[in-house]
Amino acid sequence: MEHPILFVSLLLEKLGLPVPHGLVGHTLLEKLVSPHMTYTWLLMLFLIIVPKLTMGSKLTLVPSKSQNFWEVIIGGLEEFMTENMGKDGARMMFPMIATFALYILVANLVGLMPGFMSPTSNLNITLGCTLIVFVTTHILGLKYHGLGYVKHFLGPMPWLIPLMLPIEIVSHLARILSLSIRLFGNIMAKEVLLAILFMLAGAYFAPLPILVLGVLVSVVQAGVFVLLSVIYFSGAMEHAH
Amino acid sequence: MPENRKEIMKLLADFGTIGMAVAFSIFIGVGIGYFLDNKVFGGRTRPWFTLIFLGVGVAAAFKNLYMMTKRKDL
């Protein structure tokens, strides 16, 4: 399913770059200019430039309007993480989680504007985010428990080990699937539904209710991704049950 | 956001993922079994690893449900 008009892709096509018409191209250059990549870069630029512009270079003790806005977002995120992971864990993991939160939130919401698409409606992007979370979980576990981290996989009793080990491995692998496919599925459903409704009855504002629901879905899914990664991290950091 | 609402959102996100955890556990189990049968052993052990790991996947799914019932913070 292709989005009707993607203006970054159109611009790149005018520049003579081979923008693929399917989801992903074949050559390296086609892969680099495929829509989800170019829109990810656009969002990265957005997330770097806009806070710089709105906040200015120095922070003041009495916050200005824009500084207040960012303080609410960042402060709220950090408070939420401190509740779940403790102060030290929140301090350590804050840059990564905040990056995921802001990136996924903006990436979900940008698909609501005509001419843009959500990079998160491509499984490759969400799978990338999920694999980072998955690997970080186990690195955190190894860091906090050393080799004793294996106990997380062995269950409560020694004679249950042959049964519990495959079960635990399977349920850890299922986290990759559920975390990535949930985000991808929700956002792609939103995008496809909007495109279809726009094609069928765009002149009669048929996509409008789905746009409203799209805002809700975008915020909720970004929140769920962050919440679940924080829960996985804190699960790896605490002692085996 | 009031404290109660926040707690409810957290629980909603937690319990809203049960269905997915169950479904994907089973899929991962079948996937591992299928891979062992057809790629590692070349089809000589055809139905058995798939069936065994299907059982493991179902067990993992039920273990997830069981852990949910054992939570102390509700």
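Naming convention: chains lettered A, B, ... in sequence-line order (proteins, then strands); numbering from 1 in each chain.
- Around atom CG of A/Leu208, more than 12 heavy atoms belonging to other residues, nucleotides or ligands sit under 6.0 Å away.
- Distance CD1/A/Ile176 to CD1/B/Ile28: 7.0 Å, rounded to 0.5 Å.
- No more than 12 heavy-atom neighbours from other residues, nucleotides or ligands sit within 6.0 angstrom of OH on B/Tyr34.
- Within a 6.0 Å radius of CG in A/Asn68, more than 12 heavy atoms belonging to other residues, nucleotides or ligands are found.
- Contact of A/Leu228 with chain B is made through the side chain alone, with heavy-atom distances under 4.5 Å.
- For B/Ile26, no part sits under 4.5 Å from any heavy atom of chain A, backbone or side chain.
- Contact of the B/Ile32 side chain with the A/Leu173 side chain is registered, since non-hydrogen atoms from C-beta on lie closer than 4.5 Å.
- To the nearest 0.5 Å, atoms CZ (B/Phe27) and CG (A/Leu177) are separated by 9.5 Å.
- Proximity to chain B is limited to the side chain of A/Ile231, based on heavy atoms less than 4.5 angstrom apart.
- Rounded to the nearest 0.5 Å, atoms CD1 (A/Ile181) and CE (B/Met20) are 7.5 Å apart.
- In terms of heavy atoms, A/Val170 sits closest to B/Ala60 at CG1-CB, 3.9 Å.
- Within 6.0 Å of CZ on A/Phe46 lie no more than 12 heavy atoms contributed by other residues, nucleotides or ligands.
- Here the CD1 atom belonging to A/Ile167 is positioned 11.5 Å from the CZ atom belonging to B/Phe62, to the nearest 0.5 angstrom.
- Interatomic distance, A/Met164 CE to B/Lys63 NZ, rounded to the nearest 0.5 Å: 5.5 Å.
- Between A/Ser180 atom OG and B/Phe24 atom CZ the span is 7.5 Å, to the nearest 0.5 Å.
- Heavy-atom distances place no part of A/Arg175 under 4.5 Å from chain B, backbone and side chain included.
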